[in-house]
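The structure under discussion appears below in the form of structure tokens.
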2 protein chains.
Amino acid sequence: MNKQPKYRQVADALRREIDNGTYPPGSRLPSESELSARFDASRNTIRNGLNLLVTQGLVSSSQGLGYEVTKHEVFELNASRFENLEFPQNGDAYSTDVTNAGRRPHQTFRVELTPAPAYVAERLKVEEGSRAVLRFCHRFVDDVPWSTQATHYPEWLVEQGPRLTEPGDIAEGTTRYLASLGIEQVGYFDEISARMPTPEEARLLEIGAGVPVLLWTRTGFSNDRPIRCTVTTFRGDLNRMNYEIGDLSARSENEPQ
Amino acid sequence: MNKQPKYRQVADALRREIDNGTYPPGSRLPSESELSARFDASRNTIRNGLNLLVTQGLVSSSQGLGYEVTKHEVFELNASRFENLEFPQNGDAYSTDVTNAGRRPHQTFRVELTPAPAYVAERLKVEEGSRAVLRFCHRFVDDVPWSTQATHYPEWLVEQGPRLTEPGDIAEGTTRYLASLGIEQVGYFDEISARMPTPEEARLLEIGAGVPVLLWTRTGFSNDRPIRCTVTTFRGDLNRMNYEIGDLSARSENEPQ
DNA sequence: TGCATCAGCTTGTACCAACAAGCTGAGCAA
DNA sequence: TTGCTCAGCTTGTTGGTACAAGCTGATGCA
């Protein structure tokens with residue numbers, strides 16, 4: 001009958017109770033010692049079971065406090081609207097979206113000249129290790145880390161648009177700035193994948209165990225070649241990316257709210 | 001100096017050695033007892049460290065065999081090309097893509113009439129729990145589970161397209177079938193998110209610890225209302241979704257291969 | 001030769017013990 | 001009242017032990 005190992009039974013029982021509302025999001029689970037008594041198992045076995053739930057992102061633990069059922073509030077990102085001249089990118093769409101949602105945006109910004117990593121060089125069609133401008137952005141919503149965004153521009157582009165290396169923000173947006181120089185972004189290629197965060201990503205995004213990152217790579221093209229490559233990392237549990245394709249007039253009709 | 005707990009030092013050291021090629025993808029790590037000797041730590045501590053790497057998706061373990069460095073082979077999905085009348089969906093694009101990649105596609109298929117889940121009902125603009133046709137697809141590549149796809153059609157649509165409830169495949173594709181009835185899909189709305197798999201998903205996709213799922217929801221619209229909602233789950237480590245937006249003629253120029 | 005068995009490796013499960021470290025509220029002191 | 005300390009809760013870390021269970025290659029029998 002009871003072929004499942006005990007720590008798995010513990011995890012399954014707790015998961016059911018989380019699902020059926022016995023422990024709603026934000027509430028605390030019983031302590032390890034209480035669970036130990038309830039399931040007649042050692043503390044180690046209980047910890048094994050709880051650890052399963054943690055790595056699945058259902059609960060989080062903190063020393064001294066206990067285990068808490070996680071609650072997410074998903075943030076919507078409209079990826080197909082981001083980039084055109086009406087709505088230039090580079091923080092504008094982000095700040096607007098966040099403010100409209102009644103949240104407070106905040107970002108730190110950094111510019112450097114670095115060798116292009118292989119992944120980026122491939123997409124920009126330049127030599128691996130050749131120089132590129134990196135504009136790096138670390139974004140927060142209500143002071144919670146939200147995403148990191150690293151945009152690389154190939155070196156040949158800098159000769160035409162020297163302001164790309166300026167340390168500050170480009171007020172009108174980089175897309176619009178480049179367009180004013182006759183370099184227009186006429187299309188882009190998006191790649192989306194998911195994986196567990198590297199320690200570096202976990203640090204920047206303050207991600208605990210059991211939360212994957214969404215990786216979004218956007219390569220922008222002018223008429224004749226790639227002009228930038230943006231790699232954005234999001235907390236997977238707090239973000240959802242949206243694409244609108246074709247005629248969606250039926251979607252907004254009678255939309256509640 | 002050495003503030004990091006020992007099990008973390010073990011994980012970090014092994015991660016570095018994986019990154020720098022000491023243990024390339026597919027190779028085996030030393031056994032727990034060997035590592036125990038090397039790091040002068042108990043087996044429990046070593047297991048704690050290894051468990052970190054497992055939940056981060058860097059290595060996988062199996063009883064009797066040991067720990068193996070994972071290797072992924074990413075599969076590209078062109079999401080913006082999937083759905084139009086030239087390339088109808090429902091397995092066609094999947095089979096074509098997989099065959100073109102020199103792999104062997106295989107899928108199981110199921111049709112049922114069920115109450116629409118809340119998530120789907122919201123998108124189809126029907127009452128939660130009202131009946132809907134579910135066409136469910138479990139897809140494999142070279143006999144490895146690849147994705148599950150659940151498409152819901154609202155009940156009112158079935159009255160116009162009764163073949164939707166047929167248990168078998170619809171040869172010409174559902175999109176084309178519906179178009180032949182005058183119900184044309186003129187646009188769609190995509191939502192993409194990532195999270196850790198539920199036990200059910202882990203079972204269907206044979207996902208081990210440390211691998212997230214990519215969730216792809218596509219809602220298709222006719223001129224006046226939503227006509228279907230497709231939820232696809234992928235192994236996050238084996239798939240990458242692509243979107244092409246705008247003019248990308250520059251992308252394919254001089255493309256190798 | 002061919003096949004079954006088993007020793008000896010591996011990880012998995014389960015228990016015990018002890019102390020470190022973080023948090024909270026009670027209670028005392030200024 | 002305000003602020004500090006500390007007892008007593010929580011989880012985190014590390015050590016130990018024992019046996020179960022899966023895999024592989026060597027051994028030896030038919």
Side-chain angles (χ1 to χ4, degrees), chain A residues 1-14 18 23 26-70 199 202-203 206-211, chain B residues 1-14 18 23 26-70 199 202-203 206-211:
Chain A
M1 269 353 60
N2 234 341
K3 293 196 203 155
Q4 286 273 321
K6 204 185 267 190
Y7 77 98
R8 226 170 250 286
Q9 296 176 32
V10 171
D12 289 344
L14 290 174
I18 289 170
Y23 302 113
S27 66
R28 264 191 51 192
L29 293 185
S31 73
E32 292 177 352
S33 59
E34 287 176 277
L35 292 171
S36 183
R38 171 180 160 193
F39 288 101
D40 188 32
S42 77
R43 187 179 160 219
N44 277 346
T45 302
I46 297 294
R47 279 177 69 80
N48 267 347
L50 286 168
N51 189 44
L52 263 190
L53 300 182
V54 170
T55 58
Q56 288 163 359
L58 263 79
V59 305
S60 65
S61 70
S62 34
Q63 199 169 356
L65 276 174
Y67 291 81
E68 184 178 312
V69 181
T70 49
R203 191 178 59 79
E206 285 174 24
I207 289 183
V211 176
Chain B
M1 298 315 80
N2 232 341
K3 294 195 203 157
Q4 286 272 321
K6 205 185 267 188
Y7 77 97
R8 225 170 251 285
Q9 296 176 32
V10 170
D12 289 343
L14 290 174
I18 290 171
Y23 302 113
S27 67
R28 265 190 53 192
L29 294 186
S31 73
E32 292 178 352
S33 59
E34 286 176 277
L35 292 172
S36 184
R38 169 180 162 191
F39 288 101
D40 188 30
S42 76
R43 189 177 159 220
N44 277 345
T45 302
I46 296 295
R47 279 178 69 80
N48 268 347
L50 287 168
N51 189 45
L52 261 191
L53 300 183
V54 170
T55 58
Q56 288 163 359
L58 263 79
V59 303
S60 66
S61 69
S62 34
Q63 198 168 358
L65 276 174
Y67 291 81
E68 185 178 313
V69 182
T70 49
R203 192 179 57 80
E206 286 174 25
I207 289 182
V211 176

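A note on names: the letters A, B, ... follow the listed sequences, proteins ahead of strands, and every chain is numbered from 1.
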Problem set entry | Listed once per pair and sorted, the salt bridge (Lys or Arg N to Asp or Glu O under 4.0 Å) pairs that draw on residues 51-67 of chain A, sequence neighbours left out |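 Pairs touching residues 51-67 of chain A that pass the test: none.
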Exercise. So which pairs with a foot in residues 54-66 of chain A pass side chain to side chain donor-acceptor pair (under 3.5 Å), sequence neighbours left out?
Worked result: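 The answer is A/Arg15-A/Gln56.
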Problem set entry | Within residues 41-54 of chain B or reaching into it, pairs that qualify as side chain to side chain donor-acceptor pair (under 3.5 Å) - sequence neighbours excluded |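 Side chain to side chain donor-acceptor pair (under 3.5 Å) check on residues 41-54 of chain B returns B/Glu32-B/Arg43, B/Glu32-B/Arg47, B/Ser42-B/Thr45.
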Exercise. Which residues pass the salt bridge (charged side-chain N to carboxylate O under 4.0 Å, His left out) test with B/Arg28, sequence neighbours left out?
Worked result: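 Partners of B/Arg28 by the salt bridge (charged side-chain N to carboxylate O under 4.0 Å, His left out) criterion come out as none, since no residue qualifies.
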Problem set entry | Non-neighbouring partners of B/Arg203 that pass side chain to side chain donor-acceptor pair (under 3.5 Å), sequence neighbours left out |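 So B/Arg203 forms a side chain to side chain donor-acceptor pair (under 3.5 Å) with B/Glu200.
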For this session: Summarise how protein sits on nucleotides 6-18 of chain D as a single string, 5' to 3': B when a protein heavy atom is under 4.0 Å from the base, S for sugar-phosphate-only contact, - for no contact.
Result: ----BBBBBBB-B
